[in-house]
Amino acid sequence: MSPTGVKQFYTEASATLKTYTGSATVVSGVCYLKGVTINPSGTTCNVKIYDGSSAVAANLIYSHKGGTAAGDLYQEYIAANGIRCASGMYIDFTAATTSVAIIWQ
């Protein structure tokens with residue numbers, strides 16, 4: 001079995017997961033969330049990640065809410081295969097978040 005490269009996506013606003021191949025291309029197929037780095041701008045930081053291309057409550061796969069002071073990075077790595085998304089990923093900032101970096105495969 002050949003390895004599949006792990007990739008990173010960085011955003012400063014709510015966005016659909018994209019890859020860079022000459023230009024930004026939306027990832028619309030199966031992918032796996034492997035890790036998250038959140039840079040909060042306040043203790044009400046709230047980040048949600050959904051399976052798909054929009055914020056649909058039924059497709060929520062990951063949520064981080066508050067408790068992290070401005071300037072304190074929050075990092076989480078997801079063991080084993082990660083969290084499977086059948087239709088790409090959508091990253092939603094709802095409050096007090098400067099940026100999010102997603103590690104995915």
Could you give all pairs that pass the ring pair (Phe, Tyr, Trp, His ring centres under 6.0 Å) test and reach residues 61-89, with sequence neighbours left out? H64-Y74

Sequence neighbours excluded - ring pair (Phe, Tyr, Trp, His ring centres under 6.0 Å) pairs with any residue from residues 86-105: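 Output for this query is empty, none listed.
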
Would a 4.5 Å heavy-atom cut-off, applied to side chains only, mark I78 and L33 as touching?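 Yes; the side chains approach each other to less than 4.5 Å.
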
For residues 95-103, which side-chain N or O atoms pair as donor and acceptor with protein atoms under 3.5 Å away, sequence neighbours left out?
| from | atom 1 | to | atom 2 | distance (Å) |
| --- | --- | --- | --- | --- |
| T97 | OG1 | A95 | O | 2.9 |

Short question: side chain of K34, backbone of A79 - any donor-acceptor pair under 3.5 Å? no

Expected output: side-chain K18 to main-chain T16 donor-acceptor under 3.5 Å: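 Side chain of K18 to backbone of T16: no pair is present.
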
Check step by step if side-chain contact (heavy atoms from CB on, under 4.5 Å) holds for F9 and V27. CA-CA 11 Å; F9 174 70; V27 177; over 6 Å; no

Partners passing ring pair (Phe, Tyr, Trp, His ring centres under 6.0 Å) against Y10 (at least two apart in sequence or in another chain): none

Tell me, please, which residues at least two apart from [X] pass side-chain hydrogen bond (donor to acceptor under 3.5 Å, both in side chains).
X	value
N39	none
S63	none
S14	D92

To which residues is V30 joined in a hydrophobic cluster, defined by side-chain heavy-atom contacts under 4.5 Å among Ile, Leu, Val, Met, Phe, Trp and Tyr, whether direct or through other members?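 Listed partners: Y32.
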
Show me, pair by pair, the donor-acceptor contacts under 3.5 angstrom made by side chains of residues 42-54, not counting sequence neighbours?
| from | atom 1 | to | atom 2 | distance (Å) |
| --- | --- | --- | --- | --- |
| N46 | ND2 | T94 | OG1 | 3.1 |
| D51 | OD1 | A86 | N | 3.3 |
| D51 | OD1 | S87 | N | 2.9 |
| D51 | OD2 | A86 | N | 3.0 |

Restricting to non-hydrogen atoms, name the atom on C85 and the atom on M89 that form the minimum distance, rounded to 0.1 Å. SG-CG, 3.5 Å

